[in-house]
Structure formats: C-alpha cells, structure tokens
Amino acid sequence: MELYVYNTLTRKKELFKPINPPNVGLYVCGPTVYGDAHLGHARPGISFDIMFRYLTFIGYKVRYVRNITDVGHLENDSDQGEDKIAKKARLEQLEPMEIAQYYTKRYLDAMDLLNVLRPSIQPSASGHIMEQIEIVEKILEAGYAYVSEGSVYFDVLKYQNDTNKYGILSNRVIEDMLQTTRELEGQHEKRNPADFALWKKAQPEHIMRWKSPWSDGFPGWHLECTAMSAKYLGEKFDIHGGGLDLLFPHHESEIAQSVCAFGHEPTNYWIHNNMITIAGQKMGKSLGNFITLEQLFNGTHKILNKAYSPMTIRFFILQAHYRSTLDFSNEALLAAEKGLKRLLEAQRNLKKISPSKENTVNINEINQKCLEAMNDDFNTPIVISYLFEAATIINRLIEGQEKIDEKGLEALNKLFDNWLFEILGIKDELSSNMMPTIEGLVKMIIELRQDARANKDWAKSDELRDKLASLGVKIKDSKDGVSWTLD
RNA sequence: GGUCUCUUGGCCGAGUGGUUAGGCACCGGUCUGCAAAACCGUCUACUCCAGUUCGAAUCUGGAAGAGACCUCCA
C-alpha cells in the first residue's frame, strides 16, 4: 500500500517517494525559545510527531530534524531591530543563552508530557553561525545578494527575473507585494522592499552578535533552516514541515536561498499544519486568549473550566486532520476527554476477554482501514473512528454479544498497541508506580462495600461509593462483579 | 487592498456525485437495590442563490460570512 501526502507546493496529494529509500529526511521548523510553550506549539509538535511515528512504523528509517531558534528573529514593535532573545535577556538581567536554555528545556518538557518523541537532531541556530555565513557567501557568489551598510540582503527581484520562482510555494505575486510592503526601519538599505536579510549588522546595544565578513551581527530570518537542513539532511531532502503561518515569507525564502546557494529547491514535499483557534478566534496575547501548555495542563487560565491532561490535548488534536483549523473550547475538550477515556477503558478491558472457538468479528479489516486512512495524508480522525469501532467490539465481547477466537484476540490487542499507542502516541496516564498500591486499597474498600451490600445496608454501601467517587474512583456494579475506574 | 483557505446536525469534527463517519451532549429501552458504566435504539446536517447531472452537501458560477498570510508568530 502506498502513502499519499498533501504537498503545499502542488496543492495536491502526491505519492510519497523518498529520495534514498528506506531513508527519509524530515525537517520541521521548531520553536523560538524566548517564551513558554503555548497551545500553538502543540499542533505542529504532535502533527509531525505522527508523521515521524508513522513513517517509522511502515519501515522507513527517518532522520527527523527540528531546530531550536535561539537567535536572529527580529522584533517589529518599538524595539525594532533588536533580537527577541536579547531583548528579554536585558529585561531580566540574564545571559541570552540562559534564557534560551531555560525556555528550550520548558518546551521539551511540555512536548514530553504530550508524548511527542524527541527528534533525531535538535540543532540550535546559534550553534550553526558558520554554516549560515557559508550560505550567505554562496548566495553572494551566485550574484543573488548584495552587501549594504554591513548587512547582506537577498535580491528578490533578480531571483524572480532569472528563475520565475519567487512565489511558487505561497502563490505570491511580487508586484502585489511591492504595493503592500510597509515602511520599516532599515528599509533604505534595501534595493527593493521585498528583499530580505541574510545577515544583519548588530546595533551597538545588541548583545547577541557574531563576527562575519560583513559586520558583527547575526543571521537573517530564514537562513538557519536552510543551513541546518542542508547540513543534517543534505541539500535536497524529502519533507519540510511547519505551521501554515510560516508559508510566507519563511518557507518561500528558504526555497529562494536553496535555489541560489545549491542550484535547486531544498525539498520534494512541503507539508504544513493548520492553526488552532480558540472559540473561533486566533490565539493572541492581545486577545486575552493566549494559553500556555502549562496553563492548559493545570487549568489555571481564566477561559478554562478545568485542567485538561496532556493526553486529552493530544487526543483532541488528533481528532482533527492536521490540515484543518481546529477550534478549542471547554465543550470540545471535555468531549475529547470522555472519548479518550472510553477508548482507554475498552483497551484495559481487553485482558478480561477469553478467546472462544467461534469468531464473529473482523479485526483485520479494521487494521486494514486504519492503514488506508493513514496512507491518505495521515488521516488520524478516521483512524480514531475505527478505534472506537474496536472499542465497541471489545465491550460487546465482554457482554457476550460477539465471539472472538485466539487469533482474533491477538489481532485486537495488536490493533490497540500499534494504532493507539505506537502510532497515535497515546499513553495510558493511569499507569504509574502507585498503581499496585491504589489497586489493592480500592479492592479492599470494594470488599467492605460488598459486605454492606450483602447485608442490604444501602446507606453504608452508597457512602463508600460516594467517598471513593470524591477521590476520583468510580464504582461500577454489574452481574459479574464490581469494577472501578480512576478519573 | 492582494494571496490562500474555510462555511457540515446542540458542540467538536471526517468524508463522498446516489449507501450510518466518529466522539461528546440529548431522548427512549435493557441491566442495576439505586446510580454509573456498558449494550440496543431514536433524533438533529451539509451558509445562501443559480447552473451541470437521472441524481449534488459533494462539480461549476455567483453572493454572504469566517479565518490565515502579506509584519515576529505554530
């Protein structure tokens, strides 16, 4: 079976063919580490984690590179021209690198909680200044850049005239852009407002700076990805991913840089995840709906009714296709939480099922459909819908409404192991070191309650149930005995 | 203003030229001392207008609304 992926470059689903099978090179634009990881970081983190996991699952050897941007992004407010990290550092009287390290760690911790696998390589921009300078030199040699007052700019018009490629990814038309580009400081250094910086000369107060042939300064906005992807994946690699908001100018400029430095485009497949909205609105600091992942996990933001666990967030994100916008709301999150609980409970109940001689269910068909869904541009919502189907099957098996043989039971176990845990990356948050203790305690209390029930002491029985419930332990009575779950 | 995208039932969210997506919520039933869970069943859709078609929510055109990008941004 073949994998199809949606390529932003062609706006079509295309058959995925790696350059050097079984190896696959995947590069994804990572976070700028000057602030806490927020909801917006979760989407690409999880979306590309899924691709990393699935490509690996179907047998590819994936090298996944996700950069850490700790330098070079300019601010556009009153502190124009000042590096984001440098600005924050001065405010807090810390070394820029200290800030970057701090937020890098916080970001990775949040991604760990979301069960996002660590990429194969996580290079930082500040650690690759030499590589970036080399690319600037290559582009200068090729004649597509010019030096102006210590800074180096990419000559967009010349590039466009020679290659007719500026805009192939984002469908921008240069003439349109020239009319709409705003007046910015430093604009006079450029030949054309559409030109972008490859190297910026640092102002005296600018702390983060490196020596270069042109000035003490720092690399331009788009350079690090070109430099680091080329270094670790080669000048031409398979997949470049990132958020849709990076389409222009970031990715368009990356293409331009690669074409001029290496003579060809950097990647075969461009994949973009869509954005997250909150109650239909874009998340933004000014809108008051800016939620960090930490706030989400402990429910401390004012628009949240409660805390939502990392797995709830992950599951919620996977219930939408990565190319659709996804709207956050308490109601939607709650629905995801309950749905995931149902799925995990069914999975836990698998071990209660004993195989029979007959078999009335077709697990292989479900597995096949899951494969088809993932091969159709990583359609995780469809995969999840089939897992719910499997959950219903499990419940019906327990109720004796269906029968499964040994082979089928094995396939059912594998279905959840492969799809829910390995590929979708869900983990059962209940499993912890304390579980054996908790299990023993709850069992003890349930026995006490059973005694009360045997004596028809309903008051006592209900009291025990209520007290357990207040601790998050839910009792379920059934014909075959008592079971319980932890919220 | 330009470019791109979207508009599905109470909510979230798939998908397709003709057949139930799925989850959550609601309602009825089974089960239960009661409840919860589970199971069975029911219900609520495809923004609007016009066209193509035997048939469109799905294709085409138009309208309205929303979002993203054009400026740091996931």
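Because only heavy atoms are used, hydrogens play no part in the values below, and waters and symmetry mates are left out as well, while side chains stay in. All chains are named by letter (A, B, ...) in the order of the sequence lines, taking the proteins before the strands, and each is independently numbered beginning at 1.
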What integer number of Å spans the P atoms of B:U5 and B:G41?
41 Å
Could you identify which residues of residues 455-466 of chain A place a heavy atom less than 4.0 Å from some atom of RNA chain B, listed by residue number, or say none?
A:Trp458, A:Ser461, A:Asp462, A:Arg465
Report the distance from atom NZ of A:Lys369 to atom C1' of B:G22, rounded to the nearest whole Å.
13 Å
Fit a plane to each ring of A:His250 and A:His222, take the angle between them on a 0 to 90° scale, and name the class: parallel (under 30°), tilted (30 to 60°) or perpendicular (over 60°).
tilted
Can you tell me if A:Ser47 and A:Asp49 form a side-chain donor-acceptor pair at under 3.5 Å?
no
Between P of B:A37 and CG of A:Leu344, the distance in whole Å
17 Å
Would you measure the distance from the C1' atom in B:A21 across to the matching atom in B:G13 and give it in whole Å?
10 Å
Test salt bridge (Lys or Arg N to Asp or Glu O under 4.0 Å), reference A:Glu345, set A:Lys338, A:Lys474, A:Lys476, output is A:Lys476
Would you tell me whether A:Thr392 and A:Arg342 have side-chain atoms, one donor and one acceptor, within less than 3.5 Å of each other?
yes
Separation of the P atoms in B:U58 and B:G15, to the nearest angstrom:
16 Å
Measure CD1/A:Ile317 against C1'/B:C12 and give the value in whole Å, please.
13 Å
Quick one: label A:Gln401 by what it contacts on the DNA or RNA (base, sugar-phosphate, nothing), any heavy atom closer than 4.0 Å.
sugar-phosphate
Could you verify whether a donor N or O on one side chain and an acceptor N or O on the other, from A:Glu14 and A:Thr10, lie under 3.5 Å apart?
yes
The side chain of A:Arg449 lies closest to which of these nucleotides: B:A74, B:C4, B:C34?
B:C34
Would one find a side-chain N or O of A:Lys476 under 4.0 angstrom from OP1 or OP2 of B:A35?
no
For atom P, what is the distance between B:A50 and B:G55, given to the nearest Å?
15 Å
Between A:Asn395 and B:C39, does any side-chain N or O lie under 4.0 Å from OP1 or OP2?
yes
Taking atom types as modelled, find out whether A:His251 and A:His272 have a side-chain donor-acceptor pair closer than 3.5 angstrom.
yes
Using the P atom as the reference point in each nucleotide, state the distance between B:A66 and B:U71 in Å, no decimals.
23 Å
Could you check how far CD1 of A:Ile475 sits from P of B:U32, rounded to whole Å?
18 Å
Are OP1 or OP2 of B:A37 and a side-chain N or O of A:Ser483 less than 4.0 angstrom apart?
no
Look at A:Lys467 together with A:Glu463 and state whether they make a salt bridge at an N to O cut-off of under 4.0 Å.
yes
Determine the contact category for A:Gly40: base if any of its heavy atoms lies under 4.0 Å from a base atom, sugar-phosphate if only primed atoms, P, OP1 or OP2 are that close, otherwise nothing.
base
Protein-nucleotide distance (A:Ile168, atom CD1; B:C4, atom P), rounded to Å:
15 Å
Report which part of the nucleic acid A:Ile276 touches: base, sugar-phosphate, or nothing (heavy-atom distance under 4.0 Å, all strands).
base
Write down the distance separating the P atoms in B:G9 and B:U44, rounded off to the nearest Å.
13 Å
Report, one pair per line, the protein and nucleotides 13-16 of chain B atoms (nitrogen or oxygen only) whose separation is under 3.5 Å.
residue : atom : partner  : partner atom : Å
B:G13   : OP1  : A:Asp327 : N            : 2.9
B:G13   : O2'  : A:Gln319 : O            : 3.3
B:A14   : OP1  : A:His321 : N            : 2.8
B:A14   : OP1  : A:Ser324 : OG           : 2.7
B:A14   : O3'  : A:Asn379 : ND2          : 3.4
B:G15   : OP1  : A:Asn379 : ND2          : 3.1

Check this one for me: any side-chain N or O of A:Arg342 less than 4.0 Å away from OP1 or OP2 of B:G22?
no
Dot-bracket, RNA chain B: Watson-Crick or G-U, under 3.5 angstrom, [ ] crossing, | other strand?
(((((((..(((.....[...)))..((((.......)))).....(((((..]....))))))))))))....
Between A:Ser324 and A:Asn274, is any side-chain donor less than 3.5 angstrom from a side-chain acceptor?
no
The side chain of A:Ala332 lies closest to which of these nucleotides: B:C12, B:G10, B:G33?
B:C12
Carboxylate-amine/guanidinium proximity below 4.0 Å for A:Glu294 and A:Arg106:
yes
Can the ring centres of A:His240 and A:Tyr269 be said to be less than 6.0 Å apart?
no
Closest-nucleotide ordering on RNA chain B, the 5'-leading residue of A:Asp245 and A:Lys341:
A:Lys341
Under 4.0 Å from OP1 or OP2 of B:C40: is there any side-chain N or O of A:Arg396 that close?
yes
I want to confirm an ordering. Mapping A:Pro31 and A:Phe388 to their closest nucleotides on RNA chain B, which one lands closer to the 5' end?
A:Phe388
Is the number of heavy atoms from other residues, nucleotides or ligands within 6.0 Å of NZ (A:Lys12) greater than 12?
no
What do you reckon, are the aromatic ring centroids of A:Tyr64 and A:Phe48 less than 6.0 Å apart?
no
Would you say the ring centers of A:Tyr308 and A:Phe297 fall short of 6.0 Å from each other?
no
Quick check on A:Lys460: does its NZ atom have over 12 non-hydrogen neighbours (other residues, nucleotides or ligands) under 6.0 Å away?
no
Rounded distance in Å - CG (A:Leu246) to C1' (B:C4):
15 Å
Rounded to whole angstrom, note down the C1' distance from B:U42 over to B:G28.
7 Å
In whole angstrom, give the distance that lies between atom CG of A:Asn171 and atom C1' of B:C4.
7 Å
Gap in Å between the two P atoms, one belonging to B:U7 and one to B:C43, rounded:
26 Å
Can you tell me how far C1' of B:U32 sits from CZ of A:Arg453, to the nearest Å?
8 Å
